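Owing to the predicted nature of the structure, the values given are computational and were not obtained by experimental measurement.
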Amino acid sequence: MAYFYEEPSHTFGEYLLIPGYTSADCIPDNVSLKTPVVRYNKKAGEKSDLYMNIPMVSAVMQSVSDDKMAIALAKEGGISFIYGSQTIENQAAMVARVKSYKAGFVTSDSNIRPDGTLKEVVALIEKTGHSTIAVTDDGTSHGKLEGIITERDFRVGYVSLDSLVKDYMTPFSELITGKDGISLSEANELIWSHKVNQLPIIDNDGHLISLVFRKDFDNHETYPNELLDSNHRYIVGAGINTRDYMERVPALLDAGVDVLCLDSSEGYSEWQARALHDIHEKFGANVKVGAGNVVDRDGFMFLAENGADFVKIGIGGGSICITREQKGIGRGQATATIEVAKARDEYYAKTGIYVPICSDGGIVHDYHITLALAMGADFVMLGRYFARFDESPTNKLIVNGNYVKEYWGEGSNRARNWQRYDLGGKKGMAFEEGVDSYVPYAGRLHDGVSTSMSKVIHTMCNCGALTISELQEKAKLTLVSQTTINEGSAHDVVVKNTSIRS
């Protein structure tokens, strides 16, 4: 006879947090949202090899996570998992673009010879989007530095584009430069003390090594939580499947990927166990690979024991997912998170190894993020949330007079990501498990994430918690009735302003 759970499964919308004691120290400025991403021996006093500064990652979806999203989210302190339902070459190229976007010391990709023309300069600016061009003797990124030319050194329409670069560039004799071996902080000191926008770094023979830009320092002021590796490059993740991982993983590692995630609608499978073992045996135990998705203790234990670096929770809870109505499998996201968190703690007590868990799906309102964290999640994965922003890869349209962005599921006919739903049979999708849709446009990611994290931080203060782990220790949660849910929204009034966002 089938096993029956006595209690129904619940969603985040059926819970509320009960406020706890708020001390004088429990103010927003003192709250830390730093959270571990991959497994570590907590009992032995080790630290995780990878942390985030905010508990948010973007979903492994065509309509959500490309290189532009990865850069934007890394600036905020989170990680984007670039979608794997594309060619290996294209995915690796996206990862490489993220890793080269900012490195503190940037290899110049816009270079020209002194006898080049302004027409060539304009073409270079249009091609690369970079307005600073290094002038080297041979026109390469490591040639002998002759000068610098920028779009501010000449005015299109007022000068002949056949004019030579050497007549408009700032010559080497007038440049402030740094010597190879200078530290990033020393380079920034030179930039600020000499009031320049960029600092060329040269070797003893005058050959260009790299450039340091003022804007990178300014970016850190604007984005104090930005997530960087040891080489000052943005952290980026990538999704992989259980079919071509032996070819895809080495290409992603060569591109510089920091963390991988097996992307599957159901992760409690032999295919994920094989992939985890193969990847760690072939490419090294230090390669970080998350796995999932699961919704109960058994699924978590299976993946943790097979070497998953983090485990993703959730089946059928995404806004574009129709797995539950198509196949009748899944579980309420709150109940799934609570049970898997208990299993994570049980595994830690038994082994000393802490395996972070990620709640994937079911987030409708910002406060659901806080609920997921309080229930035990170390971070959350979001699709619809990020698809709304400028930085997502989809088109912005006007539908019925309102701005929207396109958003479709990996199991939809549009994405046709059959590998995500692969059960080891023949290639292809037998039926759809996702829909094609629109989401209301929400502007810049920076503004949206700042607001959402502010809500999380303030709620944590209401619960008397300064860290996510402290929230999990102190949180008190209560199930609520539909009447309570209705009472919690505006009621019995005519609302003037309906622009309040979740």
Inset, instruction - Measure from the ring center of Tyr3 to the ring center of Tyr5 and say whether it is less than 6.0 Å. - result: yes
Legend entry - Note, Val295 side chain near Ile329 side chain (heavy atom, < 4.5 Å): no
Legend entry - Stepwise side-chain contact (heavy atoms from CB on, under 4.5 Å) check, Cys358 with Val57: CA-CA 9 Å; Cys358 167; Val57 299; 4.3 Å; yes
Inset, instruction - Examine distances only and state if a side-chain atom of Asp244 and a backbone atom of Glu247 form a donor-acceptor pair shorter than 3.5 Å. - result: no
Inset, instruction - Hey, could you give me the CG/OH distance between Leu477 and Tyr15, rounded to the nearest 0.5 Å? - result: 7.5 Å
Legend entry - Pair Tyr347-Glu305, side-chain contact (heavy atoms from CB on, under 4.5 Å): steps then yes or no: CA-CA 9 Å; Tyr347 185 80; Glu305 288 165 359; 3.9 Å; yes
Legend entry - Heavy-atom closest pair, residues Val31 and Ala465: CG2-O, 4.1 Å
Legend entry - Student check: side-chain heavy atoms of Pro250 and Phe283 closer than 4.5 Å: yes
Inset, instruction - Check whether any side-chain N or O of Asp229 sits under 3.5 Å from a backbone N or O of Arg233 as a donor-acceptor pair, and report yes or no. - result: yes
Legend entry - Validation row: Ile468, Pro55 side chains within 4.5 angstrom (heavy atoms): yes
Inset, instruction - Verify, without hydrogens or angle tests, whether Thr394 (side chain) and Glu406 (backbone) share a donor-acceptor contact under 3.5 angstrom. - result: yes
Inset, instruction - Write down the atom of Ala372, the atom of Val380, and the distance for their closest heavy-atom approach. - result: CB-CG1, 3.8 Å
Inset, instruction - Take Asn90 and Thr87 through the side-chain hydrogen bond (donor to acceptor under 3.5 Å, both in side chains) test and state the conclusion after the steps. - result: CA-CA 5 Å; Asn90 286 349; Thr87 66; 3.2 Å; yes
Legend entry - Exam field: side chain Gln86 to backbone Ile88, donor-acceptor pair closer than 3.5 Å: no
Legend entry - Sidechain N-carboxylate O distance under 4.0 Å for Arg274, Asp278: no
Legend entry - Audit row: Val404, Tyr441, side-chain contact (heavy atoms from CB on, under 4.5 Å) steps and yes/no: CA-CA 4 Å; Val404 297; Tyr441 169 65; 5.6 Å; no
Inset, instruction - Could you tell me the separation between the CE atom of Met375 and the CZ atom of Phe12, rounded to the nearest 0.5 Å? - result: 6.0 Å
Legend entry - Partner of Tyr354 by side chain to side chain donor-acceptor pair (under 3.5 Å), out of Asp345, Asn41, Asp378: Asp378
Legend entry - Partner residues of Thr484 under the side-chain hydrogen bond (donor to acceptor under 3.5 Å, both in side chains) criterion, sequence neighbours left out: Ser481
Inset, instruction - State plainly whether the residues Glu346 and Arg297 are in salt-bridge range, i.e. N to O under 4.0 Å. - result: yes
Legend entry - Tyr438 atom OH, neighbour heavy-atom count above 12 within 6.0 Å: no
Inset, instruction - Would you check if the side chain of Arg384 reaches a backbone N or O of Val364 as a donor-acceptor pair within less than 3.5 Å? - result: yes
Inset, instruction - Verify whether one side chain among Asp360 and Asn293 offers a donor that lies under 3.5 Å from an acceptor in the other. - result: yes
Inset, instruction - Indicate whether any N or O donor in one side chain lies under 3.5 Å from an N or O acceptor in the other, for Thr11 and Gln333. - result: no
Inset, instruction - Return yes if some donor-acceptor pair links the side-chain N/O of Glu470 with the main-chain N/O of Leu466 below 3.5 Å, else return no. - result: yes
Inset, instruction - Using the salt bridge (charged side-chain N to carboxylate O under 4.0 Å, His left out) rule, collect all pairs that involve residues 30-49, keeping only residues at least two apart or in two chains. - result: Asp49-Lys288
Inset, instruction - Considering non-hydrogen atoms only, spot the tightest contact between Gly78 and Met52 and give its length. - result: CA-SD, 3.9 Å
Inset, instruction - State whether a side-chain donor-acceptor pair under 3.5 Å links Asn225 with Glu76. - result: no
Inset, instruction - Report yes or no: does Lys405 contribute a side-chain atom to a donor-acceptor pair with the main-chain N or O of Ser392 at less than 3.5 Å? - result: yes
Inset, instruction - Assert yes or no for the condition that the ring centre distance of Phe379 to Phe310 is strictly below 6.0 Å. - result: yes
Legend entry - Backbone of Cys26 reached by a side-chain donor or acceptor of Asn30 within 3.5 Å: no
Legend entry - Flag side-chain contact, heavy atom, 4.5 Å: Ile27 against Thr22: no
Legend entry - Modelled atom types, side-chain donor and acceptor of Ser80 and Ser65, under 3.5 Å: yes
Legend entry - Lys282 to Met246 - nearest heavy-atom pair and separation: CG-CE, 3.7 Å
Inset, instruction - Begin from the C-alpha positions of Leu262 and Thr242 and carry the test side-chain contact (heavy atoms from CB on, under 4.5 Å) through to its verdict. - result: CA-CA 7 Å; Leu262 284 163; Thr242 55; 4.0 Å; yes
Legend entry - Residue pair Leu17 / Asn462, side-chain heavy-atom distance below 4.5 Å: no
Legend entry - Pair Tyr234, Glu226: side-chain N/O donor-acceptor within cut-off below 3.5 Å: yes
Legend entry - Distance in Å, Asn53 CG paired with Leu227 CG, rounded so as to fall on 0.5 Å steps: 5.5 Å
Inset, instruction - Assess the side chains of Thr370 and Lys455: does a donor N or O sit below 3.5 Å from an acceptor N or O? - result: no
Inset, instruction - Using a 4.5 Å cut-off on heavy atoms from C-beta on, say whether the side chain of Pro28 contacts that of Ile457. - result: yes
Legend entry - Closest non-hydrogen atom pair between Ile18 and Cys463, with its separation: O-SG, 4.3 Å
Legend entry - Side-chain touch Leu252/Gln91, heavy atoms, less than 4.5 angstrom: yes
Legend entry - Side chains of Val294 and Lys312 in contact at under 4.5 Å (non-hydrogen atoms): no
Legend entry - Lys/Arg cation over aromatic Tyr385: Arg388, 6.0 Å, 45° cone: yes
Inset, instruction - Indicate the ring-plane relationship of Tyr40 and Tyr51, choosing parallel, tilted or perpendicular according to the 30° and 60° boundaries. - result: tilted
Inset, instruction - Determine, using ring centers only, whether Tyr223 and His446 are less than 6.0 Å apart. - result: yes
Inset, instruction - Compute both the distance and the angle, then confirm whether Lys396 meets the cation-pi test with Tyr403: under 6.0 Å from the six-membered ring centre, within 45 degrees of the axis. - result: yes
Legend entry - CG-OG1 distance between Asp366 and Thr459, expressed to the nearest 0.5 angstrom: 9.5 Å
Inset, instruction - Mind checking the SG-CD1 spacing from Cys261 to Ile79? Nearest 0.5 Å is all I need. - result: 11.0 Å
Legend entry - Donor-acceptor contact present, side-chain Asp258 to main-chain Val236, <3.5 Å: yes
Inset, instruction - May I ask you to say whether Asp390 pairs ionically with Lys68, meaning some side-chain N is under 4.0 Å from a carboxylate O? - result: no
Legend entry - Minimum heavy-atom distance Val355-Asp309, with the two atoms named: CG1-O, 4.0 Å
Legend entry - Pairwise distance NZ(Lys474) to CE(Met460) - rounded to 0.5 angstrom: 10.5 Å
